[in-house]
Amino acid sequence: MKREFATTLLLSTLFTFLVPELIPVCEAVWLTIPKTGTKCVSEEIQSKVVVLADYLVISDEHSIFPTVSLKVTSPYGSVLHHSENATHGQFAFTTQESGTYLACFEAVGNSHGNKDISINLDWKTGIAAKDWDSIARKEKIEGVELELRKLEGSVEAIHENLLYLRNREADMRIVSEKTNSRVAWYSIMSLGICIVVSGLQILYLKQYFEKKKLI
């Protein structure tokens, strides 16, 4: 019993303190939307990651029920979710490509009483978006085994994130090398043009002075 308790405590500690440092999994955001304009939140997410978000419009006055419109877009501009005249809601999707995903809120009409609107946004990605209670009931696991499953999912997410970062680093290195090569060739061409122009100027001046019998 003591051994099981110690193992559970150790896994819980690792899951609580180690995982959040390595992968961003959950973020709660408090937004203030201006009465005119749009407020957006964005996150860079790799492909094949589950995203789950809940939003709620907060009103200080019970007589005013402000509504917002929401549009969620992918890095290439595809609309993943769109809602109008909403006071609360939820959206979920699985990313198809890596990049920056954008969620934009906009105040609708005069429902806000000419005041700014506050929104609570709970944004979850990856392992945080999983319903572990449902998984535990479905697979009939609990205690240490459930913590091990959570830790296994965290390790897989960390591994995928490291691979994604390594690929990004390789792409950036290739772009940097190409840029350096182009700059080098541009410098060589600029130097060559300067030498040719200087030679032509010397030749022209020599012919000019010979024609004027100055040399």
Side-chain angles (χ1 to χ4, degrees), residues 10-34 37-56 68-83 89-106 119-132 134-135 146-190:
L10 176 60
L11 292 175
S12 300
T13 304
L14 289 173
F15 185 78
T16 304
F17 294 100
L18 179 61
V19 173
E21 295 296 327
L22 296 175
I23 52 174
V25 293
C26 180
E27 184 177 5
V29 182
W30 185 276
L31 301 175
T32 300
I33 303 177
T38 303
K39 179 64 71 69
C40 298
V41 292
S42 63
E43 183 175 356
E44 186 173 349
I45 312 173
Q46 56 182 319
S47 60
K48 299 180 181 179
V49 173
V50 177
V51 178
L52 176 64
D54 295 275
Y55 61 92
L56 174 66
V68 296
S69 64
L70 167 65
K71 180 183 289 186
V72 183
T73 56
S74 70
Y76 295 101
S78 302
V79 178
L80 304 175
H81 176 80
H82 184 245
S83 60
Q90 182 183 84
F91 60 87
F93 58 90
T94 300
T95 58
Q96 300 299 322
E97 61 268 348
S98 301
T100 301
Y101 287 79
L102 200 65
C104 293
F105 294 88
E106 183 179 4
I119 293 182
N120 181 33
L121 174 64
D122 187 16
W123 181 283
K124 300 178 182 179
T125 60
I127 188 173
K130 288 186 177 182
D131 188 354
W132 289 107
S134 298
I135 294 175
L146 179 59
E147 294 299 327
L148 284 173
R149 285 294 303 275
K150 291 181 180 180
L151 190 59
E152 181 183 3
S154 301
V155 171
E156 291 177 356
I158 292 171
H159 179 67
E160 293 175 358
N161 192 46
L162 289 175
L163 291 177
Y164 170 70
L165 293 176
R166 187 177 67 179
N167 293 334
R168 285 290 305 274
E169 189 272 336
D171 293 339
M172 293 178 65
R173 184 173 64 251
I174 292 174
V175 172
S176 178
E177 291 175 353
K178 288 183 178 180
T179 303
N180 292 337
S181 177
R182 291 174 181 174
V183 170
W185 279 110
Y186 177 77
S187 301
I188 293 173
M189 290 176 59
S190 299

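For reference, positions follow the sequence shown, starting with 1. Keep in mind the model is a prediction, meaning the values are calculated, not measured.
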side-chain contact (heavy atoms from CB on, under 4.5 Å) partners of I45, counting only residues at least two apart: E43, V49, V51, T95, Y101, W123, T125
Name all residues meeting the side chain to side chain donor-acceptor pair (under 3.5 Å) criterion together with D54; count only those two or more places apart in sequence or in a different chain, and write none if there are none. Q90
Output a table of donor-acceptor pairs, distance under 3.5 Å, between side-chain atoms of residues 174-189 and any protein atom two or more places apart or on a different chain; print 'none' if there are none.
residue : atom : partner : partner atom : Å
T179    : OG1  : V175    : O            : 2.8
N180    : ND2  : S176    : O            : 3.2
S187    : OG   : V183    : O            : 2.9

For L56, which residues count as a side-chain contact (heavy atoms from CB on, under 4.5 Å) partner, sequence neighbours excluded? I58, H88
Looking at NZ of K48 and OH of Y164, how far apart are the two atoms once the value is rounded to the nearest 0.5 Å? 14.5 Å
If I take atom CG from residue L162 and atom CG from residue L165, how far apart are they, to the nearest 0.5 angstrom? 6.5 Å
Between OG1 of T94 and CG of L52, what distance do you get to the nearest 0.5 Å? 10.5 Å
Under the rule for side chain to side chain donor-acceptor pair (under 3.5 Å), what residues qualify as partners of H159, not counting sequence neighbours? none
If you measure from CD on E106 to OG1 on T38, what distance do you get to the nearest 0.5 Å? 4.0 Å
Set of side chain to side chain donor-acceptor pair (under 3.5 Å) partners for S47, sequence neighbours left out: none
Return the set of residues passing salt bridge (charged side-chain N to carboxylate O under 4.0 Å, His left out) with E169 (not counting sequence neighbours), or none when no residue passes. R173
Roughly how far, to the nearest 0.5 Å, is CG of L31 from CG of L121? 6.0 Å
As an exercise, state the distance from CD of E156 to CG of L151, rounded to the nearest 0.5 Å. 10.5 Å
Could I get the full list of side-chain contact (heavy atoms from CB on, under 4.5 Å) partners for E160, not counting sequence neighbours? Q46
Please list, one pair per line, the donor and acceptor atoms closer than 3.5 Å that link side chains of residues 69-81 to other protein atoms, with sequence neighbours excluded.
residue : atom : partner : partner atom : Å
S74     : OG   : Y76     : N            : 3.4
S74     : OG   : S78     : N            : 3.1
S74     : OG   : E97     : OE2          : 3.4

